[in-house]
Number of protein chains: 2
Amino acid sequence: MTYSIKEVAQKTGLSIYTLRFYDQQGLLPFVQRNAAGYRAFTEGDLRLIHTICCLKNTGMKITDIRQYIDYVMAGTATIEQRRELLTAHRRKVVAKQHQIEVSLQEIDYKLATYSAPDAVAQISRKIEAALEDHQLPVKR
Amino acid sequence: MTYSIKEVAQKTGLSIYTLRFYDQQGLLPFVQRNAAGYRAFTEGDLRLIHTICCLKNTGMKITDIRQYIDYVMAGTATIEQRRELLTAHRRKVVAKQHQIEVSLQEIDYKLATYSAPDAVAQISRKIEAALEDHQLPVKR
DNA sequence: CTAAACCCTCGAGTATACTCTAGGGCAAGC
DNA sequence: GCTTGCCCTAGAGTATACTCGAGGGTTTAG
């Protein structure tokens, strides 16, 4: 049993356009075609597409995902390269997670300010301070 | 005391190009100019740019950041709108954090497979299973 | 057999966010 | 006063990732 591109779009949440685009970009070299030239996706293909989505969701670029898929297609000889690629990606993702966490805390701090009972008074004071900055002598 | 665009670029990690681009996009309406038409950034401006970076780092689009800045420039009357805008953004960021976390766990699972002592044997079995899928009769 | 609903490719178009170049003005030191 | 370094704008170019339209085959239900 295989799935049509429409069925895969529904299962994955990717659009048909995106699936064809990914195929064109070399992300889906494992997908077979039937006699009419239609893509026929297997369960195994869906698992690989799921992996592609994990990489995409964590911000990996298409060219890097293609590199990973190329390694997968090359068989067990490339397991070490795959491990290195994913480990390097993992490091970037963790760093990005940290940056998001820190930025989110600052946003939460702003939200707390906006939600405070004396929000208007607090923010008025900041505006006063900022206006003073603008009245200072300008360099040059 | 004010800062030149080059100094702000160094302090923020944004490029001079990006700062000018943000200004052009309406993200820096608070930045004053000196007699020569040069941008003169105050400490208060730097704090606002820092906020812009927090929003950008958490994936907010420039048009939405502009909306936020417009609210800020409009004064204390827009505190409620700012709160709503940041709250909505916060929800999206938390959802994205969750998606990244889940995807990262799957990547970690793959990494564990690649690092296992019998990695080659495990992956060979998966390849066998995938090849069987491809030999099944194709729909249509 | 034909209409509706699929599928295909190719190439153009869109969205987002920069990034750079050209041409020209301003400021400070020698 | 001239060179060096910094600043400006406007507009073109780049990168990334889709998204869509045109033109044309395929499949299935009636």
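Sequence lines set the chain letters: A, B, ... in the order given, protein chains first and strands last, and positions in each chain run from 1. Because only heavy atoms are used, hydrogens play no part in the values below, and waters and symmetry mates are left out as well, while side chains stay in.
One finds no side-chain N or O of A:R33 lying less than 4.0 angstrom from the OP1 or OP2 phosphate oxygen of D:dT26. Under 4.0 angstrom from either OP1 or OP2 of D:dC7 there lies at least one side-chain N or O belonging to B:S4. Considering only side-chain N and O atoms, A:R39 lies nowhere under 4.0 angstrom from the phosphate OP1 or OP2 of C:dC7. In terms of phosphate contacts, A:T18 brings a side-chain nitrogen or oxygen within less than 4.0 Å of OP1 or OP2 of D:dT19.
Between the side chain of B:T78 and the backbone N or O of B:G75, at least one donor-acceptor pair lies under 3.5 Å.
The separation between B:L28 atom CG and D:dT9 atom P is 12 Å, rounded to whole Å. One interatomic measurement links the two molecules: CG of A:L14 to C1' of D:dA17, which rounds to 12 Å at whole-angstrom precision. Here C:dT16 presents its C1' atom at 13 Å from CG of B:L27, a figure rounded to the nearest Å. Across the protein-nucleic acid pair, B:Q25 atom CD and D:dT9 atom C1' stand 15 Å apart, rounded to whole Å. Rounding to whole angstrom units, CD of residue B:Q24 and P of C:dC18 are separated by 12 Å. Protein atom CG of B:L19 is 10 Å distant from nucleotide atom P of D:dC8, rounded to whole Å. The nearest whole Å value for the distance from the CD atom in B:E7 to the P atom in D:dG5 is 17 Å. Nucleotide D:dT9 holds its P atom 7 Å from the CG atom of B:D23, rounded to whole Å.
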Below 3.5 Å is the cut-off: list the nitrogen or oxygen pairs between protein and nucleotides 20-25 of chain D, distance only.
| residue | atom | partner | partner atom | Å |
| --- | --- | --- | --- | --- |
| D:dG25 | N2 | A:Y38 | OH | 2.6 |

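Among residues two or more places apart in sequence or in another chain, the salt bridge (charged side-chain N to carboxylate O under 4.0 Å, His left out) test is passed with A:E80 by A:R83. Under the rule for a side-chain contact (heavy atoms from CB on, under 4.5 Å), B:A129 has no partner lying at least two apart in sequence or in another chain.
Screening residues 110-129 of chain B for salt bridge (charged side-chain N to carboxylate O under 4.0 Å, His left out), with sequence neighbours left out, gives no hits. The salt bridge (charged side-chain N to carboxylate O under 4.0 Å, His left out) analysis of residues 12-25 of chain B, with sequence neighbours excluded, yields the pairs B:D23-B:R33, B:D23-B:R39. Residue pairs meeting the side chain to side chain donor-acceptor pair (under 3.5 Å) criterion with at least one member in residues 61-76 of chain A, sequence neighbours excluded: A:Y68-B:Y114.
Between B:Y22 and A:I5, the residue whose closest nucleotide on DNA chain C is further toward the 5' end is A:I5.
With D:dA17, D:dC8, C:dC7 as the candidates, the nucleotide lying closest to the side chain of A:F21 is D:dA17.
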For residues 91-101 of chain B, which side-chain donor-acceptor pairs fall under 3.5 Å, sequence neighbours excluded?
| residue | atom | partner | partner atom | Å |
| --- | --- | --- | --- | --- |
| B:K96 | NZ | A:N57 | O | 3.0 |
| B:K96 | NZ | B:Q99 | OE1 | 2.9 |
| B:Q97 | NE2 | A:E101 | OE1 | 2.9 |
| B:Q99 | NE2 | A:N57 | OD1 | 3.4 |
| B:E101 | OE1 | A:Q97 | NE2 | 2.9 |

List, one per line, each side-chain donor-acceptor pair under 3.5 Å for residues 43-50 of chain B, sequence neighbours excluded.
| residue | atom | partner | partner atom | Å |
| --- | --- | --- | --- | --- |
| B:E43 | OE2 | B:Y3 | OH | 2.3 |
| B:D45 | OD1 | B:T42 | OG1 | 3.1 |
| B:D45 | OD2 | B:T42 | N | 3.0 |
| B:D45 | OD2 | B:T42 | OG1 | 3.4 |
| B:H50 | NE2 | A:E106 | OE1 | 3.0 |
| B:H50 | NE2 | A:E106 | OE2 | 2.9 |

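For the contact set between residues 55-70 of chain B and DNA chain C, defined by any heavy atom under 4.0 Å, the members are B:K56, B:K61, B:I62.
To the nearest 0.5 angstrom, A:T113 atom OG1 is 10.5 Å from B:R82 atom CZ.
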